[in-house]
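Data first, discussion second: the structure below is written as structure tokens.
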Amino acid sequence: MTKIALITGITGQDGSYLVEYLLSLNYEVHGIIRRSSSFNTRRIDHLYKDSHAENVNLFLHYGDITDYGRLSGLIREIQPDEVYNLAAQSHVRVSFDMPEYTGQATALGTTCILEALRKNNGDTKFYQASSSEMFGSALPPQSEVTRFHPRSPYAVAKVYSFWMTVNYREAYGMHASNGILFNHESPRRGETFVTKKITSAAAKIKKGIQKFLYLGNLNSKRDWGFTPEYVKGMYDILQLDKPVDLVLATGKSASVYEFLEYVFEYADLDPDKHIKIDPRYFRPSEVESLLGDISKAKNTIGWSPKVNIKDLAKIMTDFDFLENGLEPIGEGVKIMERLGLNWTKIPRNMI
Ligand code: NAP
Ligand code: G4F
């Protein structure tokens, strides 16, 4: 029987790769999108060409993660086998400017969907997009047993959602799991996150349409992986018989400056000539060092990512060269092909 999945946050970076993966497994996929005055489905348009065609297996519904009534109605109507809750105000720096809204979307939104599932029949498997930001100032390496010390309104909201997920599992026996994902990036990463900001700037500098790149803290360290590998991990988590909390990461970390160096070296650019520091990008409290321990994910779902940070830098830079009308340098394209993602065959803004 065809399995049915519902994805919140389907228009985001992760949602767009997850829907592709689930469609490749012959799922019927439903996604919740926000009403917007301009199109916000750029990342999934290539999957949704003609909603009137026969054999359509992707369905989009207007809704908002903070709107319990709408979520409840949709869940009753769709009766999903699996729900992936990816919707969130996901930008850490922005969460300091909008702490209350971040709490409504990133924390209470999770309760809306858990409660809607419980009132439906409680049988649906539920995935919560938890984050390595929850570890905050806890010393690396961080694993499922590391104590959380969140350092931003975003991270605090994610800790709330983590524990609500655990509570619905314990209180109502629901198959509710947390994927605690460390940073994962791709050509579809939002432009205001640091990796994409760097690769996009490298291409624009090369093209001659940008001179300087303004950044904040270059010393913080992150464990950076490649998003398509992580969405497969989300799916694997929901295929387990019992719900779990699992860390997904690469097990290696690098500073923002190191990522910048990999990109600029690949693009043959000198960082000293183009980088400026703008304090506006500093955070009131920073997460200095994230490094995931994936022993449990290896043992439980056999998950272990292949793309390292240098490959990631090449993939993202090649894409941004192409996006800016430049010939890609080529190594990133080859890595994508080796991974079976033949990206040159699909529209360039959909990679
Ligand atoms: P993203 O690109 O920022 O996507 C966020 C998605 O949530 C978008 O589809 C957005 O819709 C939607 N959304 C935001 N507010 C909403 C609301 N009030 N109602 C309904 N939808 C709403 O984030 P991502 O990188 O794909 O991350 C996916 C999830 O994983 C997020 O929960 C994030 O916090 C979490 N996470 C991400 C990482 C990472 O490294 N990427 C690591 C750990 C955890 P619009 O397109 O309309 O804005
Ligand atoms: O790219 P970032 O904004 O990602 P951050 O804060 O690590 O959060 C991302 O990963 C989390 C998982 O750990 C997710 F939960 C979250 O939703 C999001 O996807 O910043 C990375 C680092 C930070 O230390 C930041 O201070 O880069 C530093 N940075 C330096 N200059 C900058 C900039 N970050 C941004 N966004 N913009 C800058 O100009």
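Every number for a ligand or one of its atoms is a count from 1 in the order of the listing. Position 1 is the first residue of the sequence; numbering continues from there.
Residue-level proximity to ligand 1 for Arg34 is carried by the side chain, the only part with a heavy atom below 4.0 angstrom. Residue Ser220 touches ligand 2 through its side chain alone, judged by heavy-atom distances below 4.0 Å. With a 4.0 Å cut-off on non-hydrogen atoms, Tyr154 touches ligand 2 through its side chain and not its backbone. Counting heavy atoms closer than 4.0 Å to ligand 2, residue Arg189 contributes side-chain atoms (C-beta onward) but none from N, CA, C or O. The part of Arg189 lying near ligand 1 is the side chain, judged by heavy-atom distances below 4.0 Å. With a heavy-atom cut-off of 4.0 Å, Lys158 does not touch ligand 2 at all. Residue Asp278 does not touch ligand 2, judged by heavy-atom distances below 4.0 Å. Contacts between Lys158 and ligand 1 below 4.0 angstrom, taking non-hydrogen atoms only, involve the side chain exclusively.
Shortest contact from atom 21 (N) of ligand 1 to any protein heavy atom: Ala87 CB, 3.5 Å. Of the protein's non-hydrogen atoms, Asn217 O, 3.1 Å is the one closest to atom 30 (C) of ligand 2. In this structure, the protein non-hydrogen atom closest to atom 30 (O) of ligand 1 is Ala129 CB, 3.4 Å. If you check which protein heavy atom lies closest to atom 42 (C) of ligand 1, you get His184 CE1, 3.3 Å. Ranking protein heavy atoms by distance to atom 5 (C) of ligand 1, first place goes to Ala88 O, 3.8 Å. For atom 27 (O) of ligand 2, the nearest protein heavy atom (residue, atom name, distance) is Val256 CG2, 3.4 Å. Atom 11 (O) of ligand 1 has its closest protein heavy atom at Thr11 OG1, 3.3 Å. Nearest protein heavy-atom neighbour of atom 36 (N) of ligand 2: Thr192 O, 2.9 Å. Closest protein heavy atom to atom 31 (N) of ligand 2: Gly216 N, 2.8 Å. Protein heavy atom in closest approach to atom 13 (O) of ligand 2: Ser132 OG, 2.5 Å. The protein heavy-atom contact nearest to atom 27 (O) of ligand 1 is Asp14 OD2, 3.6 Å. Ranking protein heavy atoms by distance to atom 39 (O) of ligand 2, first place goes to Lys197 NZ, 2.7 Å. Gly9 CA, 3.6 Å is the protein heavy atom nearest to atom 6 (C) of ligand 1. Counting only heavy atoms of the protein, atom 4 (O) of ligand 1 lies nearest to Gly12 CA, 3.4 Å. Among protein heavy atoms, the minimum distance from atom 20 (O) of ligand 2 is reached at Arg283 NH2, 3.5 Å. Looking only at protein heavy atoms, the nearest one to atom 33 (C) of ligand 2 is Val194 CG2, 3.6 Å.
Atom OG of residue Ser200 and atom CD of residue Glu191 lie 4.5 Å apart, to the nearest 0.5 angstrom. Here the CE atom belonging to Met164 is positioned 11.0 Å from the CD atom belonging to Gln128, to the nearest 0.5 angstrom. Note: Tyr257 OH to Leu215 CG = 11.0 Å, rounded to the nearest 0.5 Å.
With hydrogens and angles disregarded, a donor-acceptor distance shorter than 3.5 Å links the side chain of Ser161 to the backbone of Thr106. For the pair Asp81 (side chain) and Ile4 (backbone), a donor-acceptor distance under 3.5 Å is present. Checked by atom type and distance alone, the side chain of Trp303 pairs as donor or acceptor with a backbone atom of Glu229 at under 3.5 Å.
Considering backbone and side-chain N/O of Glu185, none are found under 3.5 Å from N/O of ligand 1. At least one N/O-N/O distance between Arg222 and ligand 2 falls below 3.5 Å. Ligand 1 has a nitrogen or oxygen under 3.5 angstrom from a nitrogen or oxygen of Leu86. Considering both main-chain and side-chain atoms, Ser90 comes within under 3.5 Å of ligand 1 through a nitrogen or oxygen pair. Backbone and side-chain nitrogen or oxygen atoms of Tyr154 are examined, and one is located within less than 3.5 angstrom of a nitrogen or oxygen of ligand 1. Considering backbone and side-chain N/O of Thr195, none are found under 3.5 Å from N/O of ligand 2. Some N or O of Ile65 is nearer than 3.5 Å to an N or O of ligand 1, by distance alone.
Those atoms of ligand 1 with a heavy atom of Asn183 less than 4.0 angstrom away are 40 (O). Listed by number with element, the atoms of ligand 2 under 4.0 Å from a non-hydrogen atom of Val92 are 6 (O), 8 (O). Close approach to His91 involves these atoms of ligand 2, each under 4.0 Å from a residue heavy atom: 36 (N). For ligand 1, the atoms sitting less than 4.0 Å from at least one non-hydrogen atom of Asn40 are 47 (O), numbered in the order shown with element in parentheses. In the vicinity of Tyr281, heavy-atom distances shorter than 4.0 Å reach the ligand 2 atoms 39 (O). Remark: ligand 1 atoms within the under-4.0 Å shell around heavy atoms of Ser130 are 43 (C), 44 (C). Ligand-side atoms of ligand 1 in range of Leu181: 42 (C), 43 (C), range being under 4.0 angstrom from any heavy atom. Close contacts of ligand 2 with Ser131, meaning ligand atoms under 4.0 Å from a residue heavy atom, involve 11 (C), 12 (C), 13 (O), 14 (C), 15 (F).
Just one of Thr195, Thr227, Asp14 meets the side-chain hydrogen bond (donor to acceptor under 3.5 Å, both in side chains) condition when paired with His184; it is Asp14.
The shell of residues lying under 4.0 angstrom from ligand 1, judged by heavy atoms, includes Asp64. Within the structure, the closest approach of Tyr101 to ligand 1 falls below 4.0 Å when heavy atoms are considered. Residue Glu288 places every heavy atom at 4.0 Å or more from ligand 2.
Residue Lys310 qualifies as open at atom NZ: its count of foreign heavy atoms under 6.0 Å is 12 or below.
A salt bridge between Arg70 and Glu77 is absent, with no side-chain N of the basic residue lying under 4.0 Å from a carboxylate O of the acidic one.
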Pair Ser132-Gln142, side-chain hydrogen bond (donor to acceptor under 3.5 Å, both in side chains): steps then yes or no: CA-CA 8 Å; Ser132 54; Gln142 294 98 0; over 6 Å; no
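In this pair, Phe148 and Phe162 present their aromatic rings perpendicular. The plane angle is above 60°, beyond the 30 to 60° band.
Scored by the side chain to side chain contact (heavy atoms under 4.5 Å, CB included) test, Tyr214 finds Phe212, Lys276, Asp278, Tyr281 as partners (sequence neighbours excluded). Here Gln239 pairs with Lys3, Tyr27, Glu82, Tyr84, Tyr235 under the side chain to side chain contact (heavy atoms under 4.5 Å, CB included) rule; sequence neighbours left out.
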